[in-house]
Amino acid sequence: MEHVVVVSPDGTPIGTATRARMRAEGLWHLCAVIVVRSLDGTRLYVHRRTDTKDVYPGLYDPTCGGVVAVGETPDECAVRELAEELGVVAAPEFRFSTPFVDGTIRYVAHVYEVRSDGPFTHQPEEVAWGGWMGVDEVRVLAEDPGWPVVPDGRALIREWLRWA
């Protein structure tokens with residue numbers, strides 16, 4: 001049974017819970033989120049989540065990442081999630097932290113960036129498709145309410161684009 005770090009809205013750790021309890025009760029938690037940028041800086045790697053994901057199934061995501069487990073730092077989580085989801089072994093660079101709320105989904109995101117041209121190996125349980133999009137294309141799509149993108153990916157890529 002997977003345990004995650006539970007935090008206050010400012011990101012201060014206050015305990016632990018099972019992943020199932022965190023989801024069921026809408027507990028604040030920590031996530032590591034990685035923006036994968038091409039080596040030349042002109043493209044972002046976007047993927048579509050599988051239809052079996054427990055949160056936001058089948059939607060596009062301009063980031064990858066996941067929940068920080070008990071005993072893991074956000075930096076360690078970023079390295080683990082990047083390798084698990086996309087098969088990229090690298091140390092992403094921390095950029096900023098920000099809260100995200102969408103109904104009962106509430107977390108503090110630690111946002112990272114990594115430069116890589118791949119190759120990519122998708123985790124079949126999580127990633128149905130992945131490919132490159134131009135940074136400007138993602139900027140436009142992030143503002144398009146018709147783009148079927150995960151709400152947190154939309155919010156976090158908008159903030160990353162302002163930061164970058």
Side-chain angles (χ1 to χ4, degrees), residues 1-36 44-86 88 92-114 122-130 133 138-164:
M1 186 173 299
E2 182 183 8
H3 284 77
V4 301
V5 178
V6 176
V7 298
S8 64
D10 70 0
T12 303
I14 57 173
T16 66
T18 64
R19 185 183 191 97
R21 180 175 164 229
M22 176 266 294
R23 291 275 186 242
E25 297 178 23
L27 300 175
W28 279 91
H29 56 286
L30 297 175
C31 285
V33 176
I34 306 101
V35 175
V36 180
L44 300 178
Y45 199 78
V46 176
H47 72 278
R48 190 176 70 76
R49 296 164 67 89
T50 60
D51 293 332
T52 56
K53 289 290 292 173
D54 62 335
V55 178
Y56 308 132
L59 298 179
Y60 289 92
D61 196 341
T63 68
C64 71
V67 177
V68 176
V70 170
E72 181 177 57
T73 67
D75 290 353
E76 292 166 338
C77 180
V79 169
R80 176 179 56 78
E81 288 288 346
L82 183 62
E84 284 178 4
E85 288 183 23
L86 301 181
V88 174
E93 294 183 24
F94 176 77
R95 296 298 186 230
F96 58 88
S97 292
T98 188
F100 175 79
V101 177
D102 181 30
T104 60
I105 297 173
R106 302 184 300 174
Y107 65 83
V108 175
H110 290 254
V111 180
Y112 296 80
E113 179 183 324
V114 69
H122 299 149
Q123 182 178 28
E125 298 81 17
E126 296 201 20
V127 180
W129 170 90
M133 291 184 161
V138 172
R139 185 184 314 275
V140 169
L141 285 171
E143 300 304 324
D144 178 355
W147 189 35
V149 64
V150 295
D152 53 346
R154 183 187 306 272
L156 296 171
I157 203 64
R158 282 175 170 165
E159 191 157 340
W160 178 84
L161 286 163
R162 284 190 295 272
W163 177 90

In short, Cys77 meets Gly66 closest at the heavy-atom pair SG-O, 3.6 Å
Open item on the list: Pair Arg21, Arg23 - check side chain to side chain contact (heavy atoms under 4.5 Å, CB included), show working.
Closed with: CA-CA 5 Å; Arg21 180 175 164 229; Arg23 291 275 186 242; over 6 Å; no
Item to complete: With the side chain counted from C-beta on, respond yes when Leu141 and Val149 share a heavy-atom pair under 4.5 Å apart, and no when they do not.
Response: no
- Would Leu86 and Val36 count as a side chain to side chain contact (heavy atoms under 4.5 Å, CB included) if you check the C-alpha gap in whole Å, the side-chain angles of each, and the deciding distance to 0.1 Å? CA-CA 10 Å; Leu86 301 181; Val36 180; 3.9 Å; yes
Q) Hey, does His29 have a side-chain heavy atom less than 4.5 Å from the side chain of Val6? A) no
By side chain to side chain donor-acceptor pair (under 3.5 Å), Arg154 pairs with (sequence neighbours left out) none
Those residues at least two apart in sequence (or on a different chain) that pass side chain to side chain donor-acceptor pair (under 3.5 Å) with Asp144 are none
Quick one, Val4 and Leu30 - any side-chain contact, counting heavy atoms below 4.5 Å?
no
Heavy-atom nearest pair, Tyr112 first then Pro74, reads OH-C, 3.1 Å
Test item: Cys64 and His47 side chains (from C-beta on) under 4.5 Å apart, heavy atoms: yes
So CG of Leu59 and CZ of Arg48: to nearest 0.5 Å the spacing works out to 9.0 Å
In this structure, CZ of Arg162 is separated from CZ of Arg139 (nearest 0.5 Å) by 10.5 Å
In terms of heavy-atom contacts, Val67 and Arg80 come closest through O-NH2, 3.3 Å
Trace of the side chain to side chain contact (heavy atoms under 4.5 Å, CB included) decision for Val55 with Arg49: CA-CA 9 Å; Val55 178; Arg49 296 164 67 89; 4.2 Å; yes
- Could you go step by step and tell me if Asp75 and Thr73 meet the side chain to side chain donor-acceptor pair (under 3.5 Å) rule? CA-CA 5 Å; Asp75 290 353; Thr73 67; 5.1 Å; no
Interatomic distance, CE@Met133 vs CG@Leu44, rounded to 0.5 Å, equals 10.0 Å
_Pair Thr18-Glu2, side chain to side chain contact (heavy atoms under 4.5 Å, CB included): steps then yes or no_ = CA-CA 6 Å; Thr18 64; Glu2 182 183 8; over 6 Å; no
When rounded to the nearest 0.5 Å, the distance separating CH2 of Trp163 from CD of Glu113 is 5.5 Å
Residues Val68 and Ala32: closest non-hydrogen pair is CG2-N, 4.2 Å
* To do: Look at the rings of Tyr60 and Trp147 and say which category their plane angle falls in: under 30° parallel, 30 to 60° tilted, over 60° perpendicular.
  => parallel
Task: Side-chain donor/acceptor of Glu85 to backbone N/O of Leu82, under 3.5 Å - done: no
Hits for side chain to side chain donor-acceptor pair (under 3.5 Å) against Gln123, two or more places apart or cross-chain, chain-then-number order -> none
- Message: Do Val33 and Leu156 make a side-chain contact, defined as non-hydrogen atoms from C-beta onward lying under 4.5 Å apart?
- Response: yes
Please work out whether the ring planes of Tyr45 and His122 are parallel, tilted or perpendicular, with thresholds of 30° and 60°. tilted
Tightest non-hydrogen contact, residues Asp152 and Tyr56, listed as OD1-CE1, 3.6 Å
One should read off an interatomic distance between Leu161 CG and Glu143 CD, to the nearest 0.5 angstrom, of 8.5 Å
Phe100 side chain reached by Arg106 side chain, heavy atoms, under 4.5 Å | no
| query | Does any donor atom in the side chain of Ser97 or His110 lie under 3.5 Å from an acceptor atom in the other side chain? | reply | yes
When rounded to the nearest 0.5 Å, the distance separating CG of Asp102 from OH of Tyr107 is 9.0 Å
Closest heavy-atom pair, Pro13 versus Val5, reported as atoms and distance to 0.1 Å, is CB-CG1, 4.1 Å
- Task: For the residue pair Asp61 and Val46, establish whether any side-chain heavy-atom pair is separated by less than 4.5 Å.
- Result: no
### Message
Is there a side-chain contact between Lys53 and Glu125 in this structure, where contact means two heavy atoms from C-beta onward sitting under 4.5 Å apart?
### Response
no
